[in-house]
Visitor: 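Take a look at the following structure, please.
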Amino acid sequence: MAIALKTKDDVRIFLGEQTTWGTALTAASNFNMTTPAFGSELDIDLAALDNDVQIRTPNRSNSGRRTLDRGNIQHDYKGASPKITLSGDAKFNDLAQFLYAVMQNVSEGALTPFEKTFQFPSTQPDFTASAGWFGSVIVEDDSASSVNKLIRDVICRKLTLTCDPTSNQGRLQIAAEMIGRGAPTLNLAQVSGTKAITPQEFYYFHDIKTFEGNANALAPVSIQIEIENNARPISVDIATAGDFRTYALGPYTVKATLRVLYEANARAIQALQGTTIEHPWTIIWGTVGTDGYLSIALRGQPGPALDVNEDEKTIDFNLTGVYNAGALPLIVVMGDAIDRAW
C-alpha cells in the first residue's frame with residue numbers, strides 16, 4: 001500500500017476581506033492585496049483547525065438493547081462557529097488585517113503610507129450590515145481539493161503579539177485565534193485567482209526605536225501583548241438555516257507582559273506595581289509617515305510586583321490596559337503603503 005504522508009507545510013492559507021456579511025470569497029478570488037478582496041496567501045502556520053461539528057445525543061431509541069443505536073448520536077453544523085488558530089511572523093503587509101479583525105475599529109490616512117490607527121470601538125460594528133472587518137479563510141491542500149476548506153464570516157477573537165530576540169530570529173510574531181460562522185465549505189476547488197505572498201518585511205526586536213514606560217526609556221528584553229474582544233456567537237439567522245446571527249463583542253481587554261533590564265527607571269516603575277496608578281507604555285518600530293512604521297501605545301496599570309529574575313537581572317511588568325479620562329487602553333498605529341479604503 002502506498003502512503004503519501006502530509007505535513008503542515010503542505011497546507012496553504014488564504015485570508016481575504018469579505019465585502020458582504022454571509023457571502024464568502026471563492027477559490028477564484030484575487031488574493032493579491034487589491035480590491036475587492038484585501039487579502040493574500042499567508043506565510044503562516046495553521047496551528048489548529050476545529051470545524052465545530054455539533055454532536056447531539058437525543059433520548060435513547062426504543063431499540064430493546066442496552067447499547068447505543070446509531071440514531072442516539074447525531075452530527076450537524078447547527079450554530080457552528082469553526083475555529084482557526086494561525087501563528088507566525090507579523091509581516092508589514094499582513095498585520096493590518098489581523099489588527100482590524102480583532103479591534104474592529106480603524107481610521108486610515110488618505111496618502112501614502114496610508115497610516116492606519118486601530119483602537120477599540122465604544123460599542124461594536126453591526127456585522128449584519130457588513131460593518132467592521134470580517135473575511136474568509138481558505139485552507140488548501142497542496143494538491144487534493146477533496147480536503148480543502150473555506151470558512152466564512154471570520155473575525156479574530158484574540159491576537160497575541162510576541163517579540164523575543166532568542167526565538168524566531170527576533171521577528172515580531174502573531175498568534176491569531178479566529179472564529180467563523182456556519183458549516184465550512186468542503187471539497188473546495190483549488191484557488192485559481194491571482195495569488196501573491198506579501199514581501200518578506202518584518203519587525204525585528206533589534207530594530208525597536210522607542211521603548212518607554214511612564215515616559216522613561218527602558219531596556220526591553222522581551223514583549224508579549226494580548227488583545228482580545230471576547231467575541232461569541234449569538235441569536236439565530238432566520239434567513240440562513242442553521243447559522244447563528246452575529247457576534248457579540250466585549251469586554252475588550254489588553255494585557256501585556258514586558259520584560260526589561262532591572263535598572264533605575266525600571267526600579268522606579270516597580271515601586272508603582274500593585275497600586276491604582278496607571279501610566280503610558282510605548283513601543284515603536286520605524287519612522288512615522290513611512291512604510292513599516294508601527295506604534296503600540298498602551299495605557300497600562302501594573303499588576304502585583306514580581307521578584308527580579310536574578311539570572312538575567314531583569315524584571316517582568318504585568319500590565320492591564322485601562323481607560324482613564326479619555327485616555328484609551330490601547331492605540332496601534334501602522335503604515336503599510338497599501339490603500340485598503342478603510
Side-chain angles (χ1 to χ4, degrees), residues 87-90 92 95 98-99 102-103 118-120 158-177 202-228 251-288 292-325 327-334:
S87 62
D89 296 322
F92 283 9
L95 181 58
F98 290 102
L99 286 170
V102 69
M103 299 188 74
F118 302 92
Q119 58 192 46
F120 287 124
K158 180 179 180 181
L159 182 67
T160 302
L161 305 175
T162 57
C163 197
D164 186 329
T166 66
S167 63
N168 299 295
Q169 300 171 335
R171 294 185 298 275
L172 179 68
Q173 301 290 294
I174 62 171
E177 298 179 15
F202 308 104
Y203 305 97
Y204 284 97
F205 180 86
H206 291 103
D207 286 336
I208 293 174
K209 286 197 169 183
T210 300
F211 192 102
E212 293 180 347
N214 204 20
N216 292 311
L218 298 171
V221 175
S222 64
I223 300 165
Q224 177 174 298
I225 301 172
E226 297 178 353
I227 308 167
E228 192 163 3
Y252 305 120
T253 62
V254 55
K255 296 182 179 180
T257 298
L258 305 180
R259 177 168 290 187
V260 303
L261 292 183
Y262 190 54
E263 41 71 54
N265 286 343
R267 291 197 295 273
I269 296 175
Q270 183 188 25
L272 303 177
Q273 283 189 292
T275 73
T276 58
I277 298 174
E278 45 78 30
H279 41 265
W281 295 75
T282 305
I283 306 169
I284 295 176
W285 281 267
T287 303
V288 64
Y293 175 70
L294 175 62
S295 168
I296 301 172
L298 169 67
R299 197 81 191 176
Q301 186 177 83
L306 299 178
D307 292 334
V308 177
N309 303 308
E310 290 294 343
D311 57 335
E312 298 177 328
K313 298 297 186 290
T314 61
I315 186 170
D316 294 339
F317 289 107
N318 296 309
L319 307 170
T320 299
V322 295
Y323 174 91
N324 183 15
L328 298 174
L330 179 67
I331 299 176
V332 181
V333 181
M334 64 170 294

Visitor: Using side chain to side chain donor-acceptor pair (under 3.5 Å) as the criterion, point out the one residue from Thr166, Asn168, Thr162 that pairs with Asp164.
Guide: Thr166
Visitor: Output the distance between atom NZ (Lys255) and atom OG1 (Thr160), rounded to the nearest 0.5 Å.
Guide: 11.5 Å
Visitor: Between CD of Glu226 and OG1 of Thr257, what distance do you get to the nearest 0.5 Å?
Guide: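 That separation rounds to 7.0 Å.
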Visitor: At what distance, to the nearest 0.5 angstrom, does CG of Asp316 lie from OG of Ser222?
Guide: 6.5 Å
Visitor: side-chain contact (heavy atoms from CB on, under 4.5 Å), that's the test. Do Asp89 and Gln173 meet it? Break it down for me.
Guide: CA-CA 5 Å; Asp89 296 322; Gln173 301 290 294; 2.5 Å; yes
Visitor: Looking at CG of Asn214 and CG of Asn216, how far apart are the two atoms once the value is rounded to the nearest 0.5 Å?
Guide: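 Between Asn214 CG and Asn216 CG, I get 6.0 Å after rounding to 0.5 Å.
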Visitor: Out of Leu294, Thr210, Leu161, Ile225, which one pairs with Ile283 under the side chain to side chain contact (heavy atoms under 4.5 Å, CB included) rule?
Guide: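 Testing each of Leu294, Thr210, Leu161, Ile225 against Ile283, the sole residue satisfying side chain to side chain contact (heavy atoms under 4.5 Å, CB included) is Ile225.
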Visitor: Taking all non-hydrogen atoms of both residues, which atom of Val308 and which atom of Thr314 are closest, and how far apart?
Guide: CG1-O, 3.2 Å
Visitor: For the pair Ile223 and Ile296, evaluate side-chain contact (heavy atoms from CB on, under 4.5 Å) and give the outcome as yes or no after the intermediate values.
Guide: CA-CA 11 Å; Ile223 300 165; Ile296 301 172; over 6 Å; no
Visitor: So do His279 and Ile269 actually touch side chain to side chain, heavy atoms under 4.5 Å?
Guide: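 A side-chain contact exists here, since the closest heavy-atom pair is under 4.5 Å.
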Visitor: Verify, without hydrogens or angle tests, whether Trp285 (side chain) and Gly292 (backbone) share a donor-acceptor contact under 3.5 angstrom.
Guide: no
Visitor: With side chains defined as the heavy atoms from C-beta onward, is the minimum distance between Leu328 and Phe120 less than 4.5 Å?
Guide: no
Visitor: Without swapping roles, check the side chain of Asn265 against the backbone of Leu218 for a donor-acceptor pair under 3.5 Å.
Guide: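 No, because the side chain of Asn265 does not come within donor-acceptor range (under 3.5 Å) of the backbone of Leu218.
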Visitor: List the steps, then state whether side-chain contact (heavy atoms from CB on, under 4.5 Å) holds for Ile208 with Tyr203.
Guide: CA-CA 8 Å; Ile208 293 174; Tyr203 305 97; over 6 Å; no
Visitor: Under a 4.5 Å cut-off applied to non-hydrogen side-chain atoms, are Ile284 and Tyr293 in contact?
Guide: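 Contact flag for Ile284/Tyr293 side chains = yes.
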Visitor: I need the minimum non-hydrogen distance between Gly300 and Leu319, along with the two atoms involved.
Guide: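 Minimum heavy-atom separation between Gly300 and Leu319: CA-CB, 4.3 Å.
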Visitor: Assess whether side-chain contact (heavy atoms from CB on, under 4.5 Å) is satisfied between Met103 and Leu159, documenting all intermediate values.
Guide: CA-CA 9 Å; Met103 299 188 74; Leu159 182 67; over 6 Å; no
Visitor: Would you indicate whether the side-chain heavy atoms of Pro302 and Asn318 approach each other to under 4.5 Å?
Guide: no
Visitor: Which pair of non-hydrogen atoms, one from Cys163 and one from Gly170, has the smallest distance, and what is that distance?
Guide: SG-O, 3.6 Å
Visitor: CG/Leu330 to CD/Gln119 distance, rounded to the nearest 0.5 angstrom?
Guide: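 Rounded to the nearest 0.5 Å, the CG-CD separation comes to 9.0 Å.
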Visitor: How close do Gly321 and Leu298 get, heavy atom to heavy atom, and via which atoms?
Guide: CA-CD1, 3.8 Å
Visitor: Return the orientation label for the Trp281 and Phe211 ring planes: parallel under 30°, perpendicular over 60°, tilted otherwise.
Guide: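 Because their plane-to-plane angle is over 60°, the rings of Trp281 and Phe211 count as perpendicular.
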Visitor: Roughly how far, to the nearest 0.5 Å, is the CG atom of Asp207 from the CZ atom of Arg171?
Guide: 12.5 Å
